[in-house]
Amino acid sequence: MFQELEQRISAAVEAQLAASYDLSLSVSLEQPKQSSFGEFAIPVAFQLARQLKKAPKQIAESIVAGLGSIPGVAALEIAGNGYINVRLDRAAYAGSLLRPSSRAPQSGGKIVVEHTNINPNKAAHIGHLRNAILGDTFVRMLRAAGRRVEVQNYIDNTGVQVADVVVGFHYLEKKSPAEVKALIDRPEQPFDYLCWDLYARISSYYKDHPEALVWRGDTLNAIEAGEGEIAELAHMVADAIVAAHLRTMLRLGVMYDVLPRESEILHLQFWAAAFELLKQRQAIFFETEGKNKGCWVMPASAFKTSPENDESAEDDSKVIVRSNGTVTYVGKDIAYQLWKFGLLGKDFYYRLWFAYPDGHQLWVTTDRPQTDKAPDFGAATEVFNVIDSRQSYLQDVVVAGLRALDFREQADKSNHFSYEMVALSPRTCVEMGIELSEEDKRRPYVEVSGRKGLGVKADDLIDKLIETAQAEVDQRHAEASAEERRRVATQIATGALRYFMLKFTRNSVIAFDFHEALSFEGETGPYVQYAAVRAGNILRKLQERGESLPDFDAVLTSEALGRQLASEDFWQLLLSASKVNSAVDRAIASGEPAHIAKYAFQLAQAFNNFYHEYPVLQETDAERRAFLLWMTRYFREQLLATLHILGIEQPPYM
RNA sequence: GCGCCCGUAGCUCAGUUGGAUAGAGCGACAGACUUCGAAUCUGUAGGCCGGGGGUUCGAGCCCCUCCGGGCGCGCCA
């Protein structure tokens, strides 16, 4: 509703400008600095002042004079040096919220969002959580806006990291596949935790015994060949860890549609197809001299924006195929990106991995034809890759590859949804018993390292959050069953975690701190959940008293709404609660899930004010009581809708 | 050396395409529970938006420069 008015008003002003000045420009509306100025501010007179050589105020006056009445608008005022401030017809606005028209589903092609993408060789850590929660929330935002979205989680099951853990099992611990299988099935020590330690161990072993690196090479070869005990081990390890990651992410409500795997990219010759295309269209060339002699390279001019001279261009060019004929990671990534857009001329085979508790199906790629009929994956019109900002250079190369192949449109629709890393606050390092150098102690944060086994495991953090929330729930609701208290504590804990990961904008480094993350007060997920619980409590209490909600349509006539909304307080509350869709659009446009988190907090804050100021059930005036109840229900709906987009569940009580 | 990011209240962070008097949470201090259950609310204090120059009606935001911090720049992934 809010956006429709916004569009209607700017269209009216644009028409007026075209008629009286013969100008065609798009008029944008702003939110006035103070709410007392009205609902919208139009600064267009400032833009025109120079062009028309007139004072902004004069222009504004002439525009207002020329504008007829706009449906839904009560008044236009000139303010300051030339702002046009818009006041809405409050009763009409509220009336349209009371009888909402469903949001028109937007058309458009499929959007592929790739996120999570964790090496399947050890437990997920807090950095991975930021990736998955950002990606999942962005998906929810797009879906809330009516877009069709496919969620991919790429699995690098044949890479160095998996190989290293396999080296650990095979060479260091001399374990057979059967013995490793027993470890996977053992309930007392989670397998992903065991691999976390093993990976750190083999990494430090390489340091002291560089000759052991031949094991890695042999293992990689065995994995690629796909046969023998080592290949079997690699499959078992990767599959078990992927299963663990999926369980961890499901705890936070994160789900996927399809898992494209590196092994299929290899076996189905995706790279060969991409290589042919790249050669054919001369996007890469064979280097015959210099340091990259014998390699297929992409010239730096393809992906560097800076003005380059010819000498440095050669130095900076990116190797795609090594002189030994093997392809680099970026090369495979180009093939994968081409497949995402349906440009490769090849497809995977798919088999059902499992169905989530809610019935949603998760598919995985395979290299053999299957009897199951899978959905159509890939062939997107736009792609978002949720990847750490440290990989922006490689993402640039991938996009440059598409552009060099003359897939300009798809290159423009390839988005690196980048975010900064999650590091650890020095204080948290100390709490965890991690030894810091004097230099590190002075730093604002300390980087995590999988190789060193330095970091906070995702499941440990979630467990700790649940434990902390549980203590509060136990204290407040001793009467509830243990099982139920556990469920509520889990909802609060995961809500707190998701909100924590979303409250920062993407390019800010999070210095993870247990004290902050475990907080349930102030700008947190539980604060928002609590507001929705309170709204629910009022409605529940009403029923417990044997009353039911009034017939809002009948009681809240246009006149009644006008009377109640004459109160500036009520009007501002209603207005802020009505902006969910507007917040979603803004957050999508800027690519910032943090904007939704911020909006959720403001909405909750507004409701908590309302809750404190107006005892709804004590109200005796029938019309006012009906109005307050309607506001309560409306706030609850809007809070729940916003929480859903953030992927935060609503506890029945707190 | 080259490229990208960051610097806003004691701390952690917001700040819409440049717009009216720069905001929030935490922390500090002072208050509010016989209630719709206080994981809440109200109030106070706290700012040369890193420094300097420029662009214009107008700059936290754009340009230049300097200072401080981070991350990239491999025939690793």
Side-chain angles (χ1 to χ4, degrees), chain A residues 26 28 30-34 37 41 43 46-47 49-50 55-56 79-83 85 119 156 159-161 262 287 291-297 304-306 308 312 315-316 318-330 332-333 388-394 396 418 420-421 423 425 443-445 447 469 472-473 476-477 492 496 503-505 507-511 513 515-516 519-524 526-527 529-531 533-542 586-587 589-590 592 594-595 597-598 601-602 604-605 608-609 611-618 632 653-654:
Chain A
S26 76
S28 57
E30 291 172 3
Q31 185 140 349
K33 197 72 190 169
Q34 284 177 30
F37 292 162
F46 296 104
Q47 284 172 256
R50 201 174 189 187
N81 294 326
Y83 279 99
N85 289 338
N119 271 306
D156 183 4
V160 171
Q161 294 216 15
E262 176 93 353
E287 188 67 82
K291 63 168 190 169
N292 294 332
K293 186 178 176 184
C295 299
W296 286 88
V297 302
K304 282 273 166 84
T305 48
S306 59
E308 80 291 343
S312 74
D315 265 8
D316 293 345
K318 175 68 193 162
V319 171
I320 304 296
V321 179
R322 304 177 186 108
S323 55
N324 68 3
T326 57
V327 60
T328 60
Y329 175 78
V330 190
K332 283 181 279 193
D333 228 25
D388 187 334
S389 67
R390 284 175 290 193
Q391 300 198 41
S392 59
Y393 162 68
L394 297 169
D396 287 347
S418 77
E420 275 291 349
M421 62 175 168
S425 75
R443 287 172 188 269
Y445 48 78
E447 200 175 340
E472 296 286 329
V473 176
R476 289 158 210 249
H477 300 281
I492 292 168
K503 70 192 280 193
F504 306 94
T505 48
N507 61 5
S508 123
V509 176
I510 298 180
D513 187 274
H515 180 72
E516 273 181 54
S519 165
F520 298 150
E521 291 169 12
E523 194 183 339
T524 65
Y527 178 92
Q529 289 174 317
Y530 187 56
V533 163
R534 285 176 133 185
N537 284 349
I538 294 173
L539 301 175
R540 181 172 43 79
K541 207 83 178 184
L542 184 79
R586 195 165 57 85
S590 59
E592 283 292 2
H595 291 163
K598 184 67 89 182
F601 175 67
Q602 285 164 351
Q605 214 170 27
N608 276 328
N609 276 308
Y611 182 90
H612 185 258
E613 196 71 25
Y614 306 100
V616 176
L617 297 180
Q618 253 118 71
T632 302
Y653 53 79
M654 284 177 76

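So that the names make sense, note that chain A is the first sequence line, chain B the second, and so on, each numbered from 1.
- Residues Lys318(A) and Tyr393(A) have side chains in contact (heavy-atom distance under 4.5 Å, counting atoms from C-beta outward).
- Phosphate contact (OP1/OP2 of rC76(B), side-chain N/O of Arg322(A), threshold under 4.0 Å): present.
- rC63(B) and rG70(B): their P atoms are spaced 24 Å apart (whole Å).
- Here Leu542(A) lies out of heavy-atom contact (under 4.0 Å) with every strand.
- One P atom belongs to rG31(B), the other to rU16(B), and the distance between them is 39 Å to the nearest Å.
- Looking at heavy-atom distances under 4.0 Å, Ala423(A) makes no contact with the nucleic acid at all.
- Using C1' as the reference atom, rU21(B) and rG47(B) are 14 Å apart when rounded to the nearest Å.
- Taking atom OH of residue Tyr329(A) and atom P of nucleotide rC75(B), one finds them 16 Å apart after rounding to whole Å.
- Side-chain proximity of Lys541(A) to rC41(B), rC5(B), rG37(B): nearest is rG37(B).
- With both ends at atom P, the span from rC76(B) to rC71(B) equals 23 Å, rounded to whole Å.
- We find that CZ of Arg443(A) is positioned 16 Å from P of rG68(B), with the value rounded to whole Å.
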When you compare the protein's N or O atoms with those of nucleotides 22-26 of chain B, which come within less than 3.5 Å of each other, and at what distance?
residue, atom, partner, partner atom, Å
rG25(B), OP1, Gln605(A), NE2, 3.3
rG25(B), O2', Glu523(A), N, 3.3

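- Nearest nucleotide to the Pro615(A) side chain, out of rC71(B), rC36(B), rG70(B): rC36(B).
- Counting atom types as modelled, Ser323(A) pairs a side-chain N or O with a base atom of rC75(B) as donor and acceptor under 3.5 Å.
- Comparing rG70(B), rC75(B), rA39(B) against the side chain of Ile492(A) picks out rA39(B) as the nearest.
- Within the 4.0 angstrom heavy-atom criterion, base atoms lie near Glu30(A).
- Taken from CD1 in Ile320(A) to CD in Glu287(A), the straight-line distance is 13.0 Å, to the nearest 0.5 Å.
- Gln618(A) comes within 4.0 angstrom of the backbone, heavy atoms only, and of no base.
- Side chain of Asp513(A) to main chain of Glu516(A): a donor-acceptor pair is present (N/O by atom type, distance under 3.5 Å, no hydrogens or angles).
- A straight line from OH of Tyr393(A) to P of rC2(B) spans 17 Å, rounded to a whole angstrom.
- Across all strands shown, Asp156(A) has heavy atoms under 4.0 Å from sugar-phosphate atoms exclusively, and none from any base.
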(request) Please test Arg586(A) against Glu592(A) for salt bridge (Lys or Arg N to Asp or Glu O under 4.0 Å), starting from the C-alpha separation and ending with a verdict. (result) CA-CA 8 Å; Arg586(A) 195 165 57 85; Glu592(A) 283 292 2; over 6 Å; no
(request) For RNA chain B, just give me the dot-bracket, please: Watson-Crick or G-U, both distances below 3.5 Å, ( ) intra-strand, [ ] crossing earlier pairs, | paired with another strand, . unpaired. (result) (((((((..((((.....[...)))).(((((.......))))).....(((((..]....))))))))))))....
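- Using a 4.0 Å heavy-atom distance criterion, Ser508(A) is classed as a sugar-phosphate-only contact.
- Put simply, OG on Ser418(A) and CD on Gln391(A) are 11.0 Å apart, with the number rounded to the nearest 0.5 Å.
- Among the atoms of the strands shown, only primed sugar atoms or phosphate atoms (P, OP1, OP2) are found under 4.0 Å from some heavy atom of Glu516(A).
- You'll find that the side chain of Tyr527(A) is closest to rU40(B), out of rC75(B), rU40(B), rU12(B).
- Across all strands, Val616(A) comes closer than 4.0 Å to base atoms (heavy-atom distances).
- Side-chain contact of Asn537(A) with Arg540(A): a donor-acceptor pair under 3.5 Å is present, judged by distance alone.
- Rounded to whole Å, atom C1' of rA38(B) lies 12 Å from atom CE of Met654(A).
- Asn608(A) and Tyr527(A) are linked by a side-chain donor-acceptor pair at a separation below 3.5 angstrom, with hydrogens and angles left out of the test.
- A distance of about 12 Å separates the P atoms of rC5(B) and rC64(B), rounded to the whole Å.
- Using a 4.0 Å heavy-atom distance criterion, Phe504(A) is classed as a sugar-phosphate-only contact.
- Summarising the geometry, the separation between CZ on Arg586(A) and C1' on rG15(B) is reported as 10 Å, rounded to the nearest angstrom.
- Residue contacts shown for Lys293(A) include a base, since a base heavy atom lies under 4.0 Å away.
- Using a 4.0 Å heavy-atom cutoff across all strands shown, Ser392(A) reaches no nucleic acid atom at all.
- Among the nucleotides rU21(B), rA39(B), rC75(B), the one closest to any side-chain atom of Arg476(A) is rA39(B).
- Here rC41(B) is the nucleotide among rU16(B), rC41(B), rG70(B) with the atom lying nearest to any side-chain atom of Asn609(A).
- Separation of atoms OH (Tyr611(A)) and OG1 (Thr632(A)) is listed at 10.0 Å; rounding is to 0.5 Å.
- Atom name C1', nucleotides rG50(B) and rU8(B): the rounded distance is 10 Å, in whole Å.
- To the nearest angstrom, P of rC36(B) lies 16 Å from CD of Glu613(A).
- Rounding to whole angstrom units, CG of residue Asn507(A) and C1' of rC71(B) are separated by 12 Å.
- Between Glu447(A) and Met421(A), the shortest heavy-atom distance links the atoms CG-SD, 3.7 Å.
- Residues Met654(A) and Ile492(A) have side chains in contact (heavy-atom distance under 4.5 Å, counting atoms from C-beta outward).
- One atom, CZ of Phe46(A), and another, C1' of rG18(B), lie 12 Å apart when rounded to the nearest Å.
- rG1(B) and rG15(B): their C1' atoms are spaced 35 Å apart (whole Å).
- Among the atoms of the strands shown, base atoms are found under 4.0 Å from some heavy atom of Asn85(A).
- Contact annotation: Arg534(A) does not reach the phosphate of rA39(B) (side-chain N/O to OP1 or OP2, under 4.0 Å).
- Of the candidates rC71(B), rC36(B), rG15(B), rG15(B) carries the atom nearest the His595(A) side chain, counting heavy atoms from C-beta on.
- You'll find that the side chain of Tyr530(A) is closest to rA39(B), out of rA20(B), rA39(B), rC75(B).
- For the OP1/OP2 pair of rA38(B) and a distance below 4.0 Å, the side-chain nitrogens and oxygens of His612(A) include no atom meeting the criterion.
- To the nearest whole angstrom, the two C1' atoms, one in rG72(B) and one in rG54(B), are 31 Å apart.
- For Asn608(A) against rA39(B), no side-chain N or O and base N or O form a donor-acceptor pair under 3.5 Å.
- The shortest heavy-atom contact between Ala496(A) and Phe520(A) is CB-CE2, 3.6 Å.
- When heavy atoms are screened at a 4.0 angstrom cut-off, Tyr445(A) is found touching the sugar-phosphate backbone but no base atom.
- In the set rU16(B), rC71(B), rG37(B), the nucleotide with an atom closest to the side chain of His477(A) is rG37(B).
- Of the candidates rC71(B), rG37(B), rA77(B), the closest approach to any side-chain atom of Met421(A) belongs to rC71(B).
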